[in-house]
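Let me begin by presenting the structure, written as structure tokens, before commenting on it.
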Amino acid sequence: MAESILFVVEGVNPEKHVLSSIGKQFFENKLIQVAYETEVYQLGKLLSADPYLDLFEVLKERSEKNRQLLEEFNRDDFSQIYLFFDYDGQAANASDTALDAMLVHFANETESESYT
Amino acid sequence: MLCKFEVKNFKNFGEPFVFDLLSTKNYEFNPECVQNGVVANSIIYGPNACGKTNLGHAVFDIRTHLTDDKITEHYETDYLHAAQREGSAKFVYTFQFGEDEVEYAYEKASVRKLLSEVLKINGKTVISLDRREGSVAEFDLDGTETLNRDLGSGLGDENSPLSAVKYVANSTVLTATPENSVFRKFVAFVKNMEHFTTETARAVQAAAGTVADIILGGGRKLAGFETFLHQAGVACSLSVVEVSGEKQIAFDFGDSQLDFVTNASTGTLSLTAQYIQLITLRLQCDFSARSETNGVEVVGDARKQAEDMGWFPRVRPFLFIDEFDAFYHHAAARYMVETLKKLDCQSILTTHNTSIMSNDLLRPDCYFIMSATDIKPAYAFTDKELRKAHNIEKMYRAGVFNG
């Protein structure tokens with residue numbers, strides 16, 4: 001299978017033009033895009049609570065649509081994963097500390113080490 | 001299927017060691033790996049020298065007195081645990097055949113010297129003999145009434161007495177009762193269990209001349225073997241050449257050919273040995289075995305009927321491969337596990353390769369972690385409810401399953 005890259009966006013209706021431009025400008029690989037459908041702080045909370053969860057599988061079990069989109073892939077198939085989320089400073093669980101932790105954790109697109 | 005195995009005072013297992021293959025977990029992924037609550041595909045991890053190889057020998061001890069196998073050196077020397085040389089080794093096997101359960105317990109002073117045997121079907125003792133108390137066995141299966149119960153004279157010598165279970169299996173006219181059918185399934189299962197060790201792989205590699213005969217035997221096509229290698233990640237083109245009138249497999253480079261066996265890499269030869277093993281699995285169950293009923297080889301309709309009854313499994317019912325992927329690329333190892341999952345065969349593999357420790361392949365109740373004192377499924381080491389999203393390889397490497 002050719003190298004595939006996973007884009008994770010927040011909403012089901014993302015900024016399509018921006019994402020497609022990024023894809024065209026920076027990547028020649030097959031791009032798969034899935035939505036997490038909740039703000040980034042929820043994702044951070046889930047992954048920090050259990051450091052042994054695979055982000056890929058978390059996304060896959062998130063919705064039936066994601067399950068279908070990722071049907072033919074397994075957790076080792078994506079060489080790079082990029083997250084596109086809003087800052088959402090107004091969210092009830094917004095936290096700059098949590099965001100800092102996520103920025104450290106998600107600093108490398110090719111690996112996701114234990115979340116600490 | 002084997003659902004539980006206990007051993008004591010054999011090799012490194014000085015204390016009782018229990019390998020429990022029953023699972024009560026209801027994971028929704030990879031359901032085919034557990035059948036009727038028994039783990040059908042398992043992989044054992046554990047540090048060097050914890051006893052993984054000896055566990056294989058222990059499980060296959062049953063064949064040393066129930067079949068006519070040649071007894072290998074592993075059993076002939078240092079059979080009992082080093083600290084308990086005067087005692088006896090104890091084995092208890094529990095099998096499940098559909099709804100029926102068979103328990104076979106025995107004690108031995110050495111690989112050849114059986115001291116006692118008890119066989120139970122659904123909790124009822126059907127065969128028992130304790131040679132420390134005498135040589136008269138107890139049988140309670142329909143058809144055994146006329147059988148000579150004294151196994152003392154002329155049936156094996158003092159140092160390698162005949163097994164009472166083998167005696168009944170080989171000589172009795174068992175009537176067609178549900179209980180006797182379970183007994184036959186048990187005998188057929190043991191007769192067809194297959195142990196694949198690194199010695200077996202080496203033996204296949206040494207038998208260079210016969211590789212082509214086996215791979216191309218029975219009308220099999222070279223393309224099947226070629227496809228197997230391709231799927232395991234070995235890119236090569238093969239052809240058949242004749243050398244001194246004998247067929248040999250060669251790497252095909254268009255204008256020239258290179259002999260396969262002498263030029264294949266260690267990994268490719270290891271895969272070849274495994275391919276031959278898979279052919280064996282699919283096709284070579286012990287059909288030559290005589291029928292338990294009348295000593296006549298079972299053929300035609302009778303054989304089909306026996307197969308339908310489960311007395312003669314179509315494929316090897318049980319396979320234990322030690323260090324199965326020692327020379328494999330991780331993709332080849334994964335492919336082998338996927339292949340075994342598709343076979344109607346209970347498989348137990350040992351390995352150090354953590355890249356195949358994944359919920360994509362098996363489940364947390366199929367990966368066993370072994371130490372010198374016990375063996376438990378991965379999920380038993382954590383209170384966390386494991387689900388498919390968990391990266392169990394990462395958990396293992398981080399020490400979560402260290403007990």
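From a predicted model like this one, the values you see are computed outputs, not experimental measurements. Residue numbers start from 1 in every chain, and the chains themselves are labelled A, B, ... in the order their sequence lines are given, proteins ahead of strands.
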Query raised in the report: Under a 4.0 Å N-O cut-off, is there an ion pair linking B:R397 with B:E393?
Result: yes
Requested in this report: Could you name each residue pair satisfying salt bridge (charged side-chain N to carboxylate O under 4.0 Å, His left out) that touches residues 26-46 of chain B, not counting sequence neighbours?
Outcome: B:E32-B:K341
Requested in this report: Write out, in numerical order, the residues from residues 81-96 of chain A with a heavy atom short of 4.5 Å from a heavy atom in chain B.
Outcome: none
Report summary line: With sequence neighbours left out, the residues meeting side-chain hydrogen bond (donor to acceptor under 3.5 Å, both in side chains) with B:Y379 are none
Report task. Identify whether the distance between the nearest side-chain nitrogen and carboxylate oxygen of B:D20 and B:K376 falls below 4.0 Å. Result -> no
Requested in this report: Tell me, with the steps shown, if A:T97 and A:D100 meet side chain to side chain donor-acceptor pair (under 3.5 Å).
Outcome: CA-CA 5 Å; A:T97 315; A:D100 280 344; 5.9 Å; no
Query - B:R334, part contacting chain A, at a heavy-atom distance under 4.5 Å - result: side chain
Query - Pairs flagged by side-chain hydrogen bond (donor to acceptor under 3.5 Å, both in side chains) wherever residues 35-45 of chain B is involved - sequence neighbours left out - result: B:N41-B:S347
Query raised in the report: Can you say whether B:S355 sits under 4.5 Å from chain A via the side chain, the backbone, both, or neither, judging by heavy atoms?
Result: neither
**Report entry** Ion pair A:K45/A:E39, N-O distance below 4.0 Å
**Finding:** no
